[in-house]
Amino acid sequence: MEDDPRRARAARLARLRGLYAIVGDDDPAGRAAAAVAGGAAVVQVRMKRAPAGEVLAATRRIVALAAGRALVLVNDRPDLALLSGADGVHLGEDDLPVADARRLLGEALLVGRTARTVDDARAALAAGADHVGYGPVFPSLTKPLDVAPRGLEALAATCAAVPAPVVAISGITLENVAAVARAGAAAAAVIGDLFDRGEPRARAEALAAAFARGARGAVR
Ligand SMILES: Cc1ncc(COP(=O)(O)OP(=O)(O)O)c(N)n1
Ligand SMILES: Cc1nc(C(=O)O)sc1CCOP(=O)(O)O
Ligand SMILES: [Mg+2]
């Protein structure tokens with residue numbers, strides 16, 4: 001057990017920076033390996049079709065390959081986050097409440113929560129989350145959404161208002177990722193532009209470098 005759980009969580013939160021890759025049911029470990037090799041700081045396991053045992057086995061493989069290089073978070077399932085040795089969980093409105101996931105995971109692991117508004121983000125933090133996933137920033141080709149894209153100005157306002165790391169999500173590409181970083185996002189969550197645009201390792205390198213330039217305020 002990590003000696004000082006709050007210190008352990010702070011150390012994890014400090015690593016929640018840059019490219020945040022989301023892998024799904026198609027070759028999760030292979031995609032995670034390519035993303036981490038390309039400099040992704042975070043891998044989220046978001047397997048929506050596989051049975052729980054398969055998600056657990058894949059997440060354990062990803063925890064092992066990412067060790068020391070990238071954080072691993074599990075979408076939806078705090079139980080699988082705990083059992084797999086992952087760094088935390090990401091929750092949305094259809095998942096367990098943040099407070100219950102926090103009870104299950106304890107203080108050392110990360111709990112992220114989807115937020116559509118600043119009020120959503122504040123409520124998530126008050127309930128025990130330590131970061132939020134804010135979006136949709138742009139339209140997504142991967143996930144149909146029943147909410148309108150928020151855009152960069154709303155992202156910037158949310159990053160300024162929320163006293164915790166904000167992970168931007170939805171429609172993030174090599175063309176807009178620097179602007180996402182300049183808006184103040186701690187990290188940029190990406191699926192399509194990372195895995196459907198050529199070789200993922202090289203794409204990850206390009207996305208991570210572009211995010212870093214934006215975070216320095218550099219003009220591309
Ligand atoms: C970093 C990040 N932000 C938001 C989401 C969306 O999560 P959720 O609302 O639980 O929806 P699904 O991903 O489960 O469809 C996310 N996964 N990651
Ligand atoms: C998993 C997910 N959640 C979203 C939300 O806004 O809740 S958008 C999204 C898909 C992100 O994929 P892409 O980078 O291809 O747009
Ligand atoms: Mg979810």
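Whatever order the structure lists them in is the order used to number ligands and atoms, beginning at 1.
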Undergrad: Tell me, which protein residue and heavy-atom name are nearest atom 5 (C) of ligand 1, and how many Å apart are they?
TA: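 Checking every protein heavy atom, the shortest distance to atom 5 (C) of ligand 1 gives H90 NE2, 3.4 Å.
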Undergrad: Below a 4.0 angstrom heavy-atom separation, can you tell me which part of D95, side chain or backbone, both or neither, approaches ligand 1?
TA: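 Side chain only.
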Undergrad: Determine whether T59 and V55 satisfy the following criterion, side-chain contact (heavy atoms from CB on, under 4.5 Å), listing intermediate values before the conclusion.
TA: CA-CA 6 Å; T59 305; V55 179; 3.9 Å; yes
Undergrad: Name the closest protein heavy atom to atom 6 (C) of ligand 1, giving the residue it belongs to and the distance to 0.1 Å.
TA: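 Atom 6 (C) of ligand 1 sits closest to the protein heavy atom T114 OG1, 3.3 Å.
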Undergrad: Just which atoms of ligand 1 are under 4.0 Å from any heavy atom in D76?
TA: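 Once the distances to D76 are compared, the set is 10 (O), 14 (O).
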Undergrad: Is atom CG of L145 surrounded by more than 12 heavy atoms (other residues, nucleotides or ligands) closer than 6.0 Å?
TA: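 Correct, the count exceeds 12.
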Undergrad: Tell me: protein heavy atom nearest atom 15 (O) of ligand 2, and distance?
TA: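 Among all protein heavy atoms, the one nearest atom 15 (O) of ligand 2 is T142 OG1, 2.4 Å.
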Undergrad: Taking 4.0 angstrom as the limit and counting only heavy atoms of R46, give me the atoms of ligand 2 inside it, by number and element.
TA: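 Every atom of ligand 2 under 4.0 Å from some heavy atom of R46: 1 (C).
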Undergrad: Taking R77 first and then D95, would you say they form a salt bridge - that is, a charged N and a carboxylate O separated by under 4.0 Å?
TA: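 A salt bridge is absent here (no side-chain N lies under 4.0 Å from a carboxylate O).
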Undergrad: List the steps and the verdict of side-chain contact (heavy atoms from CB on, under 4.5 Å) for V36 and R69.
TA: CA-CA 7 Å; V36 172; R69 296 188 291 164; 3.4 Å; yes
Undergrad: Could you tell me the residue and atom name of the protein heavy atom closest to atom 14 (O) of ligand 2, and the distance to it rounded to 0.1 Å?
TA: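 For this ligand atom, the closest protein heavy atom is I191 N, 3.0 Å.
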Undergrad: Please check if the number of heavy atoms outside R7 that lie under 6.0 Å from its CZ is greater than 12.
TA: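 Atom CZ in R7 is not crowded, with 12 or fewer foreign heavy atoms closer than 6.0 Å.
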Undergrad: Heavy-atom contacts with V190 under 4.0 Å: which atoms of ligand 2 show up? List them by number with element.
TA: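 Reading through ligand 2 atom by atom, the close ones are 14 (O).
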Undergrad: Is the closest side-chain heavy-atom distance between V167 and V132 below 4.5 Å?
TA: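 The answer is no, as the side chains (C-beta and beyond) never meet within the 4.5 Å cut-off.
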Undergrad: Are the charged groups of D120 and R116 less than 4.0 angstrom apart, N to O?
TA: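 Salt bridge flag = no for R116 with D120.
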Undergrad: In the protein, what heavy atom is nearest to atom 17 (N) of ligand 1, and what distance, to one decimal place, separates them?
TA: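 The closest one turns out to be Q44 OE1, 3.0 Å.
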Undergrad: Side-chain contact, heavy-atom cut-off 4.5 Å: L125 with H131?
TA: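 No, too far: nothing below the 4.5 Å cut-off.
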Undergrad: What residue and heavy atom of the protein are closest to atom 10 (C) of ligand 2, and at what distance?
TA: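 So the nearest neighbour among protein heavy atoms is S140 OG, 3.6 Å.
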Undergrad: What is the closest protein heavy atom to atom 11 (O) of ligand 1, and at what distance does it sit?
TA: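 The closest heavy atom on the protein side is K143 NZ, 3.0 Å.
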Undergrad: What protein heavy atom lies closest to atom 14 (O) of ligand 1? Include the residue and the distance to one decimal.
TA: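 Protein heavy atom with the smallest distance to atom 14 (O) of ligand 1: K48 NZ, 2.6 Å.
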Undergrad: Mark up the atoms of ligand 1 that fall under 4.0 Å of a heavy atom belonging to G92, in ascending order.
TA: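 Heavy-atom distances to G92 below 4.0 Å select 8 (P), 9 (O), 10 (O).
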Undergrad: Please write down residue, atom name and distance for the protein heavy atom closest to atom 5 (C) of ligand 2.
TA: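 Minimum-distance protein heavy atom for atom 5 (C) of ligand 2 reads R116 NH1, 3.3 Å.
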Undergrad: Would you mind reporting whether V23 and V43 have side-chain heavy atoms less than 4.5 Å apart?
TA: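 In contact.
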Undergrad: For ligand 2, does L145 get within less than 4.0 Å through its side chain, its backbone, both, or neither, judged by non-hydrogen atoms?
TA: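 Only the side chain of L145 comes within reach of ligand 2.
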Undergrad: In D95, what N, O or S atom is nearest to the Mg ion (ligand 3), if we give its atom name?
TA: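 Going by distance to the Mg ion (ligand 3), the closest N, O or S atom in D95 is OD2.
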Undergrad: Geometry only, no angles: is G171 polar-contacting ligand 2 at N/O separations under 3.5 Å?
TA: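 N/O-N/O distance under 3.5 Å: yes.
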Undergrad: Would you indicate whether the side-chain heavy atoms of L71 and L16 approach each other to under 4.5 Å?
TA: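 Touching, per the 4.5 Å side-chain cut-off.
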Undergrad: If you consider just the N/O/S atoms, which atom of D76 is the closest one to the Mg ion (ligand 3)?
TA: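 The D76 atom nearest to the Mg ion (ligand 3), restricting to N, O or S, is OD1.
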Undergrad: Find all atoms of ligand 1 within a distance of less than 4.0 Å from any non-hydrogen atom belonging to R46, and give their numbers and elements.
TA: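 Those qualifying, in numeric order: 12 (P), 13 (O), 15 (O).
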Undergrad: What I want to know is whether T114 and ligand 2 share at least one N or O pair that is separated by under 3.5 angstrom.
TA: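 No.
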Undergrad: With a 4.5 Å limit on heavy-atom distance, are the side chains of V190 and F195 in contact?
TA: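 No, their side chains stay 4.5 Å or more apart.
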Undergrad: Counting only heavy atoms, which portion of Y20 has something under 4.0 Å from ligand 1: side chain, backbone, both, or neither?
TA: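 The answer is the side chain of Y20.
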Undergrad: Considering heavy atoms of the protein only, find what lies nearest to atom 8 (S) of ligand 2 and give residue, atom and distance to 0.1 Å.
TA: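 Checking every protein heavy atom, the shortest distance to atom 8 (S) of ligand 2 gives S170 CB, 3.6 Å.
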Undergrad: Could D130 and R9 be called an ion pair, given the rule that one side-chain N must be under 4.0 Å from one carboxylate O?
TA: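 Yes, charged N to carboxylate O under 4.0 Å.
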Undergrad: Out of all atoms in ligand 2, which are within 4.0 Å of some heavy atom of G192? Include the element for each.
TA: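 Listed by number with element: 13 (P), 14 (O), 15 (O).
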Undergrad: Between D27 (side chain only) and A32 (backbone N and O only), is there a donor and an acceptor less than 3.5 Å apart?
TA: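 The answer is no, because no donor-acceptor pair under 3.5 Å joins these two groups.
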Undergrad: Salt bridge check, R203 against D193: does any charged N sit closer than 4.0 Å to a carboxylate O?
TA: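 R203 and D193: salt-bridged.
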Undergrad: Return yes when at least one N/O/S atom of D94 is nearer than 2.8 Å to the Mg ion (ligand 3), and no when none is.
TA: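 It does not: D94 brings no N, O or S atom closer than 2.8 Å to the Mg ion (ligand 3).
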